[in-house]
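Owing to the predicted nature of the structure, the values given are computational and were not obtained by experimental measurement.
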Amino acid sequence: MSDAAPDVFYPIVPDSHWLARIVPLGVRTVQLRVKEAGADEVRRQIAESLTIARQSGCQLIVNDYWREAIAMGADYIHLGQEDLAAADVGAIKAAGLRLGLSTHSEDELTRALAAAPDYVALGPIYETKLKAMAWAPQGLARVGQWKAMIGRMPLIAIGGITPERASSVVAAGAQSVAVITDFMSAPDPEVRVRAWLDWAACVRASVGTLP
């Protein structure tokens, strides 16, 4: 993968406190997904997260808040389908930000590809307990189908993925696995993240990238 592409292990966290916990462990890509916060708090979270990420050479992807991401100097934004419909994609690209987009169906993938994103995400791959989903689990065959349709563009898989399942997801065609519940709900999240990082190092080695 190029430097612009997310790392094979792509954790998602709700605030800068979580970034401070896991990024220094060696995380290379992380998404900040702040929920139900005012603009000032969002800007504060992004600023703190950028500082943490840059100190460790980690790629920060900001979820949803594209205006604040531009204002605070972030360089990567992730949008869901509803957010994509309301966003000014031209402004995002004019500001030099890279763009990732969520998809769950072929219609959504068509809309996403029309925006010329830097990656697309597909989910949920497996059943997830994080939130009630309108979409049934996609399964591994769908991962392969999506990859065939998007070609060289990175594909991020999300939803119910554990270290035990992750290699099969990558083998099916995903370049990265996005993870939330698996480590955040673990008895010791840092230990779980280290297990993920060990897995990621093995994947990178297997495809000939630098550890």
Side-chain angles (χ1 to χ4, degrees), residues 6-38 41-42 44-65 68-69 74 76-80 82-83 100-104 119 121-138 143 154-170 174-204:
D7 187 44
V8 65
F9 173 51
Y10 180 158
I12 299 174
V13 298
D15 53 43
S16 59
H17 171 72
W18 271 97
L19 258 96
R21 290 181 66 176
I22 71 168
V23 166
L25 301 177
V27 170
R28 297 188 180 189
T29 294
V30 65
Q31 184 187 122
L32 174 68
R33 182 184 285 180
V34 178
K35 293 295 184 182
E36 299 179 1
E41 173 62 10
V42 170
R44 185 185 71 81
Q45 290 282 345
I46 293 173
E48 290 182 358
S49 298
L50 282 169
T51 297
I52 295 164
R54 286 168 177 167
Q55 287 174 344
S56 296
C58 176
Q59 178 186 65
L60 177 69
I61 301 174
V62 177
N63 183 270
D64 291 354
Y65 294 99
E68 291 82 359
Y76 225 130
I77 186 76
H78 179 95
L79 299 175
E82 292 181 4
D83 301 296
L101 298 173
S102 294
T103 65
H104 309 86
Y119 75 74
L122 170 67
I125 306 306
Y126 300 102
E127 184 178 0
T128 176
K129 298 178 182 179
L130 180 64
K131 60 182 178 179
M133 297 293 294
W135 307 94
Q138 305 278 0
V143 174
L155 174 62
I156 316 301
I158 186 170
I161 302 173
T162 64
E164 296 75 22
R165 291 169 163 172
S167 292
S168 295
V169 176
V170 171
Q175 279 63 59
S176 303
V177 293
V179 183
I180 309 173
T181 306
D182 182 79
F183 72 88
M184 288 189 65
S185 64
D188 189 329
E190 285 84 355
V191 168
R192 192 64 166 175
V193 168
R194 288 189 181 98
W196 273 107
L197 291 171
D198 288 344
W199 169 83
C202 291
V203 174
R204 293 188 211 106

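A donor-acceptor pair under 3.5 Å is formed between the side chain of Asp15 and the backbone N or O of Trp18. Not one N or O on the side chain of Gln175 forms a donor-acceptor pair closer than 3.5 Å with the backbone of Pro6. With hydrogens and angles ignored, the 3.5 Å screen pairs no side-chain donor or acceptor of Ser102 with any backbone N or O of Ala121. Between the side chain of Arg194 and the main chain of Leu25, no donor-acceptor pair closer than 3.5 Å is present. Side-chain atoms of Gln59 do not come within 3.5 Å of backbone N or O of Arg28 as any donor-acceptor pair.
For the atom pair Thr128 OG1 and Asp182 CG, the distance stands at 10.5 Å (nearest 0.5 Å). Between atom OG1 of residue Thr103 and atom CD1 of residue Ile158 there is a gap of 11.0 Å, rounded to the nearest 0.5 Å. Between the CD1 atom in Ile61 and the CG atom in Leu79 there is a gap of 11.5 Å [rounded to 0.5 Å]. Atoms CG and SG, from Leu50 and Cys58 in turn, are 10.5 Å apart once rounded to the nearest 0.5 Å.
For Tyr65, the ring pair (Phe, Tyr, Trp, His ring centres under 6.0 Å) test picks out no residue, with sequence neighbours left out.
The shortest side-chain heavy-atom distance between Pro11 and Met184 does not fall under the 4.5 Å cut-off. In this structure the side chain of Tyr126 never reaches within 4.5 angstrom of the side chain of Thr162, judged on heavy atoms.
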Start with the C-alpha distance between Ile22 and Trp196, add both sets of side-chain angles, then the distance that settles side chain to side chain contact (heavy atoms under 4.5 Å, CB included), and finish with yes or no.
CA-CA 11 Å; Ile22 71 168; Trp196 273 107; over 6 Å; no
Report the C-alpha distance between Ile12 and His78 in whole Å, list the side-chain angles of each, state the deciding distance to 0.1 Å, and finish with yes or no for side chain to side chain contact (heavy atoms under 4.5 Å, CB included).
CA-CA 11 Å; Ile12 299 174; His78 179 95; over 6 Å; no
Test log, rule side chain to side chain contact (heavy atoms under 4.5 Å, CB included), inputs Leu32 and Gln45:
CA-CA 8 Å; Leu32 174 68; Gln45 290 282 345; 4.2 Å; yes
Yes or no on side chain to side chain contact (heavy atoms under 4.5 Å, CB included) for Phe9 and Thr29, after CA distance, side-chain angles and deciding distance?
CA-CA 7 Å; Phe9 173 51; Thr29 294; over 6 Å; no
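Considering every non-hydrogen atom in both Tyr76 and Leu60, the closest pair reads CB-O, 3.5 Å. In terms of heavy-atom proximity, His104 sits nearest to Gly123 at CD2-O, 3.0 Å. Across every non-hydrogen atom of Ser56 and Val23, the tightest pair is CB-CG1, 3.5 Å. Between Ala178 and Ile161, the closest heavy-atom pair is O-CD1, 4.5 Å. Smallest separation of non-hydrogen atoms from Ser16 and Ile52: O-CD1, 3.5 Å. Heavy atoms only, all atoms of each residue included: Asn63 and Ile77 are closest at C-CD1, 4.3 Å.
Taking the six-membered ring where the residue is Trp, Tyr10 and Tyr119 present perpendicular rings, their angle passing 60° and hence far from 30°.
Within 6.0 Å of atom CD in Glu127, 12 or fewer heavy atoms from other residues, nucleotides or ligands are found, so the atom counts as exposed in its surroundings.
Salt-bridge annotation for Arg44 and Glu48: present, with a side-chain N of the basic residue lying under 4.0 Å from a carboxylate O of the acidic one.
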